Amino acid sequence: MYPNYKFSQLPEKSAADLAIKLLPLLGANTLDVGCGRGEFSCFLSGHGANVSGIDPNPDRISDASAKAHSVGLRVDFYEGFAENLPFTNDTFDIVIFSNSLHHVDIEMIPKALTEAERVLSKLGFLYIMEPVPSGGYFNTAQPVIDETHIRSVAYDKIQDLDGNFFTSVQEVFVSTPKTYYDFSDYLSKQTARNPQRAKLYERHRRDVELRFRRNAKEVPGGFVLDAAIRINLFRK
């Protein structure tokens with residue numbers, strides 16, 4: 001679940017860069033599971049994939065549809081759950097969990113992965129991106145949200161896939177540092193991403209601010225928190 005090297009020694013790439021590098025997107029029928037407000041789905045569509053996105057939150061699906069329409073992309077969005085995908089067998093060439101598998105209810109993670117296998121065509125790709133539960137970014141937010149356990153469970157289930165309907169293609173770690181003007185900018189962006197956590201951040205503000213000052217590296221124009229993501233790529 002953790003890289004073998006310090007974050008500073010990892011290549012610096014975004015999740016978008018990796019998707020382009022690792023996946024044959026052009027013309028591929030692609031499912032973005034846990035698509036949220038559709039940013040990544042639209043990115044995939046913009047790079048030639050035929051994209052469907054699914055998320056259990058109807059407001060996010062509405063936002064995602066509006067976003068795709070506003071930029072002239074055809075993306076089909078559905079309200080639904082990873083553990084009960086509303087698609088027939090062998091529908092997709094690529095199934096993606098982008099920062100979403102650890103948000104599936106813990107007891108439903110195996111079912112969600114079984115569903116991914118069901119809707120994937122033969123020789124299709126399963127692409128799972130998860131944030132690494134370590135580094136300055138993770139440690140700073142830990143008093144508010146500590147996902148170490150659920151991310152560990154998700155990774156255990158990911159590892160179980162190799163040899164069980166899937167063959168592991170590769171595991172990749174990259175650095176994805178987060179830059180902020182100051183602590184106020186960090187706090188504003190964290191609560192904007194998830195307004196429901198605003199009260200938690202206020203309650204733990206002192207501890208979070210101390211962690212920010214301890215973990216953040218000062219750079220020209222602001223501060224950087226180390227962060228990393230892990231990609232697990234499988235083929236059916």
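Note that the structure is predicted; figures quoted are calculated from it, not measured. Numbers here are sequence positions counted from 1.
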For the backbone of [Y] and the side chain of [X], can you confirm whether one donor and one acceptor N or O come within less than 3.5 Å of each other?
| X | Y | result |
| --- | --- | --- |
| D105 | E107 | no |
| S70 | K67 | yes |
| D55 | I61 | no |
| S188 | S184 | no |
| S65 | D63 | no |
| S62 | P58 | no |
| N164 | D160 | yes |
| D17 | K13 | no |
| N57 | R60 | yes |
| D226 | G136 | no |

Run L44 and V51 through side chain to side chain contact (heavy atoms under 4.5 Å, CB included) and show every step you take. CA-CA 7 Å; L44 297 167; V51 182; 3.8 Å; yes

Assess, by modelled atom type and distance only, whether the side chains of S41 and D32 contain a donor and an acceptor separated by less than 3.5 Å.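 The criterion, which ignores hydrogens and geometry beyond distance, is satisfied for D32 and S41.
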
With a 4.5 Å heavy-atom cut-off, do [X] and [Y] have their side chains touching?
| X | Y | answer |
| --- | --- | --- |
| F234 | D162 | yes |
| V208 | V144 | yes |
| P11 | F173 | no |
| E115 | V33 | no |
| L126 | E117 | no |
| L120 | D93 | no |
| P177 | L225 | no |
| Q190 | Y180 | yes |

Candidate pair N215 and Y137, rule side chain to side chain contact (heavy atoms under 4.5 Å, CB included), full reasoning: CA-CA 8 Å; N215 288 306; Y137 180 76; over 6 Å; no

More than 12 heavy atoms from other groups under 6.0 Å of [atom1] on [X]:
| X | atom1 | value |
| --- | --- | --- |
| Y2 | OH | yes |
| R214 | CZ | yes |
| F165 | CZ | no |
| K6 | NZ | no |
| L123 | CG | yes |

List the atom of [X], the atom of [Y], and the distance in Å for their closest heavy-atom pair.
| X | Y | value |
| --- | --- | --- |
| P86 | I54 | CD-CD1, 3.3 Å |
| V224 | T179 | CG2-OG1, 3.5 Å |
| E83 | V104 | OE1-CG1, 4.0 Å |
| G221 | Y181 | O-CD2, 3.6 Å |
| A68 | F77 | CB-CE1, 3.9 Å |
| V132 | P3 | CG1-CD, 3.9 Å |

Walk me through whether I158 and L101 qualify under side chain to side chain contact (heavy atoms under 4.5 Å, CB included). CA-CA 10 Å; I158 290 169; L101 184 62; 3.7 Å; yes

Following the transitive rule for hydrophobic clusters with a side-chain heavy-atom cut-off under 4.5 Å over Ile, Leu, Val, Met, Phe, Trp and Tyr, establish whether [X] and [Y] coincide in one cluster.
| X | Y | value |
| --- | --- | --- |
| I229 | L23 | yes |
| F212 | L210 | no |
| L25 | V169 | yes |
| F40 | I231 | yes |
| F81 | L113 | no |

Atom pair [atom1]/[atom2] of [X] and [Y] - distance to nearest 0.5 Å:
| X | Y | atom1 | atom2 | value |
| --- | --- | --- | --- | --- |
| I145 | F138 | CD1 | CZ | 8.5 Å |
| L85 | R118 | CG | CZ | 6.5 Å |
| Q9 | S175 | CD | OG | 11.0 Å |
| I20 | L26 | CD1 | CG | 12.0 Å |
| L22 | Y127 | CG | OH | 5.5 Å |
| N29 | I94 | CG | CD1 | 9.0 Å |

Would you mind checking if [Y] and [X] are paired as a salt bridge, meaning a charged N to carboxylate O distance below 4.0 Å?
| X | Y | value |
| --- | --- | --- |
| E209 | R206 | no |
| D207 | R211 | yes |
| D185 | K189 | yes |

F166 ring centre to K236 NZ or CZ under 6.0 Å, with the angle to the axis within 45°?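 No cation-pi geometry.
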
In sequence, state the C-alpha distance, the side-chain angles, and the governing distance for N232 and V172, and then conclude on side chain to side chain contact (heavy atoms under 4.5 Å, CB included). CA-CA 7 Å; N232 289 96; V172 180; over 6 Å; no

Applying ring pair (Phe, Tyr, Trp, His ring centres under 6.0 Å), run through F87 and Y78 and close with a yes or a no. CA-CA 10 Å; F87 307 106; Y78 302 85; 5.1 Å; yes

Which of these passes side-chain hydrogen bond (donor to acceptor under 3.5 Å, both in side chains) with E130: R151, R230, H102?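 For E130, the side-chain hydrogen bond (donor to acceptor under 3.5 Å, both in side chains) test succeeds with only one of R151, R230, H102, which is H102.
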
